[in-house]
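Start at 1 and go down the list; that is how both ligands and their atoms are numbered.
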Amino acid sequence: MQVAAAVGRTLGRLGVDHVFGVVGSGNFHVTNALVGAGARFVAARHEGGAATMADGYARMSDTVSAVSVHQGCGLTNAMTGIVEAAKSRTPMLVLAAEVTQARSNFYVDQSALATAVGAVPARITSAGSAVAEATAAFTTARYQRRTVVLNLPLDVQALEVPPHGMDATPEPAPRPLTPCAGDVAGLVAALARAERPVFVAGRGARASGSRDLLEALAEQCGALLATSAVAKGLFNGNPWSLDVSGGFASPLAAELIRGADLIVGWGCALNMWTMRHGRLVGPSATVAQVDDDPDAIGAHREVDVGVVGDVREAARAASAELTRLGHRRRGYRTPETAKSLTASIRWRDVAYDDTGSADRIDPRRLSIALDDLLPDERLVAVDSGNFMGYPSMFLSVPDEWGFCFTQAFQSIGLGLSTAIGAALAQPDRLAVAALGDGGALMSAAELDTVVRLRLPMVVVVYNDDAYGAEVHHFGPDGFPLETVSFPPTDIAAIARGYGFEALTVRSAADLDPVAPWLAGDRRSPLLIDAKVTRDRAAWWLEEAFRGH
Ligand SMILES: Cc1ncc(C[n+]2csc(CCOP(=O)(O)OP(=O)(O)O)c2C)c(N)n1
Ligand SMILES: [Mg+2]
């Protein structure tokens, strides 16, 4: 067996069940071998799309996904998606064919590219070590949660693997890290003191079992429950849930978080987004952080109490200790809090002045109407831009596997491919891709992929015929806006060309055909080209520009 085939077969056997890509001569054999080992190949129309599909798939399936790219230009096309995955610690393998001769047209320094963006560079170096190197790349992705660029030199790919090189034993899964007694004691002391604790759970709390343990601990100490954006939905259905903390927090959620005397981040970076640049942390609040990566503790803001350990282990240990101490407190869970949560924790219960006109719909009106129309079993993926908070805040999701947020690089154009990857990971849910017109047109080639895969997807374009984020950021100061404004684009017509059913929406009544589409066989995806009002900036935009 040749190296290319052995690498593909090895990764398939290790559990890679989806590989996304654009196939050229250099990645043809490895991709076919993966398919031969049982993986599904998804052809994207652009490698940027493929990388983000793989990222979305890994996030929503909790597996290691793969991207397969041609040497040089295939990899450079995929780079933006790779950066997003690397920054988000997505366990993902980039199978990159590689030329090693600098005179080749396809030559770039692929390891340097990987290193430059925070991915882990790896290479298949010989026929005898190929299987072991592929296995090691997989375990790095899986257990260290890294995005690995596995370079596959063309000359090595063609070599015959010797019999002794065909087997490799993968490293065993590491055990969840138990925090040390001192760290737990510090956390318990803070919890026992707290009158108004708030838990903020992040990506590290999406592991199975975390929710129950955090809810039990929160009940013992009277804590309210929030998440970072990437863990949205984790505490759905809990009466003390505040939904997302950060720029998208509703006014009541923000007020309650700001009023906390203890904030505990659970597998959550407590970064400038989640904490609104610190403005959600009250002046005398104690801040604690639990993370199994010691480097994550205090990386984004100073913390008073750091706990190095697995979220579940830390929650379990703290809970046991509080039980032993006989600690039980109503804390923040007062009848008044309960009453205000019922009345207005959701954005859709917050009054607003509708800016709709005869030919444009208010994006909040649009989002609320869609929230009512779309089935609860849904999965929402959101692109970047001024519009992004509307779907993030007004579309509810069933749980933490219902929201896919590829925003670590703040790139526009990732939302559609995120939705494709996520939809494949959660096929029983209706995938909803929420895009701006800029991001939609940047990634339009992947509309073809949605149609070809027959994904029953709803693509909603918040179309303001502009790079709204820039318009609203620079407009008030009187700068010229021609560079960021566009003539109207009929995105519905573009979508029909790809095989979508499509609607142009200027009012809530224009959404009437959505219900029959939902009731139908959904064999053609649906695109909603919503002409949204554009006279004001979204409330989180100022926050976004502060983060530059
Ligand atoms: C790849 C990339 N290019 C440029 C930007 C800068 N940028 C941020 S938001 C934005 C406008 C996006 O327009 P659109 O998708 O229509 O959303 P809107 O802001 O209009 O709601 C741009 C160009 C970016 N974040 N990423
Ligand atoms: Mg726009």
Review point. Thinking salt bridges, do Arg506 and Asp510 make one under a 4.0 Å N-O criterion?
Key: no
Exercise for review: Please state whether the rings of Phe394 and Trp347 are parallel, tilted or perpendicular, taking 30° and 60° as the class boundaries.
Suggested key: tilted
Review point. With a cut-off of 2.8 Å, does Asp464 place any N/O/S atom under that distance from the Mg ion (ligand 2)?
Key: yes
Review point. Is the closest basic N to carboxylate O distance between Arg364 and Asp371 below 4.0 Å?
Key: no
Check your understanding: What's the shortest distance from atom 25 (N) of ligand 1 to any protein heavy atom, and which residue and atom give it?
Key -> Gln410 O, 2.8 Å
**Study point:** Any N, O or S atom of Ala466 closer than 2.8 Å to the Mg ion (ligand 2)
**Key:** yes
Review point. Do any N/O atoms on Asn386 end up under 3.5 angstrom from N/O atoms on ligand 1?
Key: yes
Review point. Should Met275 and Val287 count as side-chain neighbours, where that means a heavy-atom distance under 4.5 Å?
Key: no
Revision key, fill the gap. Numbered in order shown, the ligand 1 atoms found under 4.0 Å of a heavy atom of Asp464 are 20 (O)
Review point. Nearest 0.5 Å, what's the OG-CZ distance between Ser228 and Arg206?
Key: 9.5 Å
Check your understanding: Of all the non-hydrogen atoms in the protein, which one sits nearest to atom 22 (C) of ligand 1, and at what distance?
Key -> Glu470 OE1, 3.2 Å
Review point. Hey, which atoms in ligand 1 end up nearer than 4.0 Å to a heavy atom of Phe387?
Key: 17 (O), 21 (O)
Practice item. Before signing off on this row, confirm whether Met442 and ligand 1 have an N or O atom pair separated by under 3.5 Å. Key: no
Practice item. Check the side chains of Ser88 and Arg59 for a donor-acceptor pair under 3.5 angstrom, ignoring hydrogens and angles. Key: yes
Review point. To the nearest 0.1 Å, how far is atom 14 (P) of ligand 1 from its closest protein heavy atom, and which atom is that?
Key: Gly438 N, 3.4 Å
Exercise for review: Quick one: sort the Phe405 and Phe403 rings into parallel, tilted or perpendicular, breaks at 30° and 60°.
Suggested key: parallel
Practice item. Output the list of atoms in ligand 1 that are nearer than 4.0 Å to some heavy atom of Gly385, sorted by atom number. Key: 9 (S), 17 (O), 19 (O), 21 (O)
**Study point:** Tyr467: numbered ligand 1 atoms lying under 4.0 Å from its heavy atoms
**Key:** 11 (C), 12 (C), 13 (O), 20 (O), 23 (C)
Check your understanding: Quick one: do the Tyr57 and Asp17 side chains pair a donor with an acceptor below 3.5 Å?
Key -> yes
Review point. Of the backbone atoms (N, CA, C, O) and the side-chain heavy atoms from C-beta on, which set of Ala440 has a member under 4.0 Å from an atom of ligand 1: side chain, backbone, both, or neither?
Key: neither
Point to revise | Atom nearest to the Mg ion (ligand 2) - Asp437, N, O or S atoms considered | key: OD1
**Study point:** Closest approach of any protein heavy atom to atom 20 (O) of ligand 1, naming residue and atom
**Key:** Gly468 N, 2.6 Å
Study note, to complete from the structure: re atom 2 (C) of ligand 1, the protein heavy-atom contact at minimum distance is Ile412 CG1, 3.6 Å
Point to revise | Pair Asp521 + Arg454, salt bridge at N-O below 4.0 Å | key: no
Review point. Hey, does Ser411 sit under 4.0 Å from ligand 1 if you only count heavy atoms?
Key: yes
Check your understanding: Taking all non-hydrogen atoms of both residues, which atom of Ser411 and which atom of Thr80 are closest, and how far apart?
Key -> OG-CG2, 3.5 Å
Exercise for review: May I ask you to say whether Asp437 pairs ionically with Arg534, meaning some side-chain N is under 4.0 Å from a carboxylate O?
Suggested key: no
Revision key, fill the gap. closest protein heavy atom to atom 15 (O) of ligand 1 is Gly439 N, 2.8 Å
